[in-house]
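Heads up, the thing below is written out as structure tokens.
Everything numeric here is computed off the predicted structure, so don't read it as measured data. The analysis underlying the following values was restricted to heavy atoms, covering all of them including side chains, and did not include hydrogens, waters or symmetry mates. A note on names: the letters A, B, ... follow the listed sequences, proteins ahead of strands, and every chain is numbered from 1.
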Protein chains: 2
Amino acid sequence: MATIYDVAKLAGVSPATVSRVLNGIAVSEAKAAAVRSAAEELEFVPNRTARGLRTQTSEVIGLIIPDVENPYFTQVARGVEDAAQKAGYSVVLCNSDADPEKERVYLRIAVLQNMAGVIIAAASEDTDIGVVTAAGRPVVAIDRHNAFPVDTVVIDNRDAGYSATIGLIEQGFRRIACVSGPLHIDTARERAQGWRDAMQERLGATPGDLLVESNFQVGGGRAAMLQLLDRPERPDAVLLGNNLLGVGAIQVLSEKGLTPPAIGVAVLGSLPFTTIAPSAVSVMHLPGRKMGGVAADLLIDRLRGNQEPPRAVVLPGRLTPADLAG
Amino acid sequence: MATIYDVAKLAGVSPATVSRVLNGIAVSEAKAAAVRSAAEELEFVPNRTARGLRTQTSEVIGLIIPDVENPYFTQVARGVEDAAQKAGYSVVLCNSDADPEKERVYLRIAVLQNMAGVIIAAASEDTDIGVVTAAGRPVVAIDRHNAFPVDTVVIDNRDAGYSATIGLIEQGFRRIACVSGPLHIDTARERAQGWRDAMQERLGATPGDLLVESNFQVGGGRAAMLQLLDRPERPDAVLLGNNLLGVGAIQVLSEKGLTPPAIGVAVLGSLPFTTIAPSAVSVMHLPGRKMGGVAADLLIDRLRGNQEPPRAVVLPGRLTPADLAG
DNA sequence: ATGAAAGCGCTAACAA
DNA sequence: TTGTTAGCGCTTTCAT
């Protein structure tokens with residue numbers, strides 16, 4: 001492996017001049033040409049590690065998500081990757097399992113590996129991203145807000161919940177239950193609020209008993225659905241707070257032979273690998289991919305030196321057909 | 001961020017001694033303890049970039065897969081990540097979109113970024129991994145074989161196809177169709193062969209007309225299923241060659257109200273987010289996570305200096321309950 | 001067993 | 001514009 005010293009010697013210049021050529025810093029055309037031809041002859045490729053050690057940076061973006069196996073987050077990852085690649089960055093995907101301790105470890109790694117910046121869908125609003133920001137590296141928080149003043153990309157969750165509920169009401173349903181994620185998570189709370197607003201506005205009712213707080217997992221969806229079906233006055237429709245809750249709930253309904261439209265079902269989030277007839281369930285696609293793309297763009301903008309105060313992007317909860325195509 | 005110099009000063013030893021403690025080289029117990037406590041106090045974590053520059057190695061493994069959004073490959077990624085992390089490596093996930101050109105780019109990047117090694121689920125047997133091997137970096141091919149002599153981890157696809165088909169036969173089905181991936185892909189061909197073998201062995205028939213060659217996508221599964229249902233003598237059961245074909249096929253069946261057991265359905269590969277009653281479809285879980293784990297272990301073994309001739313691991317196509325739990 | 005010191009390959013002051 | 005030089009944080013001789 002040739003180094004800049006080899007190139008410098010062959011080209012008859014100093015190593016610094018070679019470095020300048022590599023980095024596009026002004027150098028006389030004659031020397032630049034000599035350097036280029038020497039580099040070519042030696043098949044020189046700059047050593048990223050050395051550069052990283054010196055500059056304390058790299059062209060690697062860390063993406064921390066709670067679950068690579070959740071299709072929503074793989075969509076996000078996809079969006080990040082595409083945008084990053086366009087700008088010459090690569091992406092390291094880290095799986096936090098929604099575990100604050102694992103998150104902490106990955107945030108440290110991001111700094112130690114000299115990653116250029118971090119995009120994180122944090123397990124909690126209180127996730128301490130200070131290690132990264134203190135190192136002067138930009139962070140973009142996605143999916144939920146963070147206590148630190150960093151760029152943020154979230155979805156208009158209230159609107160998503162609201163629109164989906166309105167959809168069910170317009171299909172004629174009245175006793176619409178809402179299976180929500182943990183209400184201490186703002187994402188979950190906002191979506192539930194959208195449901196509540198729609199119910200209040202259209203039906204004049206604030207049906208507290210129809211709200212079931214669950215987790216954001218398949219198992220939670222199953223349990224909540226079973227519980228709802230067991231009630232004396234069972235709901236005629238149900239809104240599921242995320243994709244996994246949707247999967248669990250629909251599984252239960254299938255098992256009971258209770259498929260839509262015998263009961264109304266709306267899901268917040270895509271079901272990319274669902275096996276139910278696509279038309280039977282109202283799916284409110286959330287712009288995961290878009291969120292990833294926007295987050296990457298914001299991060300790269302920071303990496304290029306933008307120093308504005310933190311920006312907050314709120315993506316529409318309802319996708320247009322054009323968004324889906326993209 | 002603390003460096004070994006900070007730790008050394010606090011512990012009252014030299015940086016070299018700190019380094020020795022970090023690398024498990026003999027040091028008096030008293031100093032070792034002092035170093036460990038100083039490191040703890042400073043929350044010291046060694047800088048991988050610096051170590052990489054010095055040792056000419058890195059602790060990053062490249063993982064190239066055709067599709068992050070396919071649950072099968074996210075399982076693989078999960079397996080790789082867990083095993084790699086245990087050994088102190090991190091994983092960079094790259095998405096090739098099954099595009100040979102993107103693959104080529106990522107393989108180059110792997111070399112240029114000084115990645116320690118590469119695990120690849122290649123788009124084709126002919127994917128040229130020479131760039132990486134020529135740089136002296138180990139490669140492990142997963143999911144399918146590669147023309148280069150490298151370690152390989154594949155699934156016993158014939159057996160998976162065979163067992164799933166036997167299962168359908170034992171449920172009483174006779175006209176069992178097989179929707180296969182592209183037959184020029186060995187994975188697809190082997191699975192179809194398993195189906196053929198089972199049919200021949202148990203029913204004495206080699207029903208060429210019941211084999212439908214498709215792609216490995218949801219759309220392919222939909223199209224194939226529609227076509228099969230349209231036939232005058234329609235099959236009474238169907239074997240789907242991978243998870244996405246399964247999703248597409250089951251979607252169509254749901255839409256037609258033709259859910260199992262009205263028609264037999266077996267899928268090769270897991271349907272982690274299926275919304276059908278789990279019992280209604282025979283799912284032949286493929287050991288994706290295991291494959292990833294084994295591949296990572298093989299790669300790390302090479303990174304530690306193993307020079308044996310290429311090893312080929314064939315994982316059972318049928319998972320035991322214990323495997324599933326893990 | 002331990003420390004001093006020399007780099008790994010690169011970039012960025014600082015001089016010239 | 002160009003070269004000299006001093007590190008980035010770590011590992012590894014080479015002395016002691």
Side-chain angles (χ1 to χ4, degrees), chain A residues 1-36 38-39 42-60 108-116 131 135-137 303 305, chain B residues 1-36 38-39 42-60 88 111-116 135-136 303-304:
Chain A
M1 280 295 200
T3 72
I4 55 171
Y5 291 94
D6 302 322
V7 175
K9 198 187 300 174
L10 183 60
V13 301
S14 77
T17 297
V18 177
S19 174
R20 290 187 184 107
V21 173
L22 293 176
N23 294 289
I25 294 169
V27 159
S28 74
E29 189 44 50
K31 302 216 171 194
V35 167
R36 274 190 293 267
L42 297 173
E43 295 187 6
F44 168 78
V45 185
N47 180 319
R48 299 290 239 271
T49 308
R51 159 183 290 182
L53 180 58
R54 177 63 229 233
T55 61
Q56 310 285 22
T57 67
S58 72
E59 275 75 47
V60 176
R108 296 194 76 79
I109 288 181
V111 175
L112 294 170
Q113 297 267 45
N114 277 318
M115 291 185 194
V131 241
R137 312 264 162 73
L303 293 173
Chain B
M1 281 288 156
T3 73
I4 54 170
Y5 290 94
D6 302 320
V7 176
K9 198 186 299 176
L10 184 59
V13 300
S14 77
T17 297
V18 176
S19 174
R20 289 186 184 109
V21 172
L22 294 176
N23 293 289
I25 294 168
V27 159
S28 76
E29 188 43 50
K31 303 216 172 195
V35 167
R36 273 192 292 269
L42 297 173
E43 297 189 3
F44 168 78
V45 186
N47 180 316
R48 292 250 169 95
T49 306
R51 161 182 288 178
L53 180 57
R54 179 62 228 233
T55 63
Q56 309 286 19
T57 65
S58 86
E59 276 76 43
V60 177
V111 176
L112 295 173
Q113 299 268 38
N114 260 312
M115 292 186 194
L303 293 173
R304 294 188 172 145

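One distance of note links OG1 of T3(A) with NZ of K9(A); it measures 8.5 Å at 0.5 Å rounding. Separating the CG atom in L42(B) from the CE atom in M1(B) is a distance of 11.5 Å, to the nearest 0.5 Å. Considering CG of L303(B) and CD of E59(B), their distance stands at 9.0 Å, rounded to 0.5 Å.
Residue R20(A) is in base contact, counting any heavy-atom pair closer than 4.0 Å across all strands shown. Within 4.0 Å of V13(A), counting heavy atoms only, lie sugar-phosphate atoms of the nucleic acid but no base atom. Among the heavy atoms of the strands lying under 4.0 Å from T3(A) are primed sugar atoms or P, OP1, OP2 only; no base atom is included.
Contact annotation: T17(A) reaches the phosphate of dG3(D) (side-chain N/O to OP1 or OP2, under 4.0 Å). Dashed line: the shortest gap from a side-chain N or O of Q56(B) to OP1 or OP2 of dT11(D) is not under 4.0 Å. Distances shown here put every side-chain N or O of T55(A) at or beyond 4.0 Å from the OP1 or OP2 atom of dC10(C). At dT11(C), one or more side-chain N or O atoms of N23(A) fall inside 4.0 Å of OP1 or OP2 (strictly under the cut-off). Taking only side-chain nitrogens and oxygens, R51(B) never comes nearer than 4.0 Å to OP1 or OP2 of dG9(D).
Between the CG atom of N47(B) and the P atom of dG9(C) there is a distance of 17 Å, given to the nearest Å. Residue D6(B) contributes atom CG, which lies 11 Å from atom P of dC8(D) at whole-angstrom precision. Residue I25(B) contributes atom CD1, which lies 10 Å from atom P of dT13(D) at whole-angstrom precision. Rounded to whole Å, atom P of dG9(C) lies 14 Å from atom CG of L42(A). Remark: P of dC10(D) and CG of L22(B) are 8 Å apart, rounded to the nearest angstrom. Rounded to an integer number of Å, the gap from M1(B) CE to dC8(D) C1' is 15 Å.
Taking 3.5 Å as the limit, the base of dC10(D) and the side chain of Y5(B) contain a donor-acceptor pair of atoms between them.
For S28(B), taking side-chain heavy atoms from C-beta onward, the closest of the listed nucleotides dT2(D), dC8(D), dA1(C) is dA1(C). When distances run from any side-chain atom of A16(B) to the nucleotides dG9(C), dT11(C), dT12(D), the shortest one goes to dT12(D). In the set dG3(D), dC8(D), dC10(C), dC10(C) carries the atom at the smallest distance from any side-chain atom of F44(A).
Looking only at side-chain heavy atoms (C-beta outward), I4(A) and F44(A) come within less than 4.5 Å of each other.
Nearest-nucleotide mapping onto DNA chain C: of I4(A) and V27(B), the residue sitting toward the 5' end is V27(B). Each of P15(B) and L53(B) was matched to the nucleotide of DNA chain C holding its nearest heavy atom; the match closer to the 5' end belongs to P15(B).
A donor-acceptor contact closer than 3.5 angstrom links the side chains of N114(A) and R137(A).
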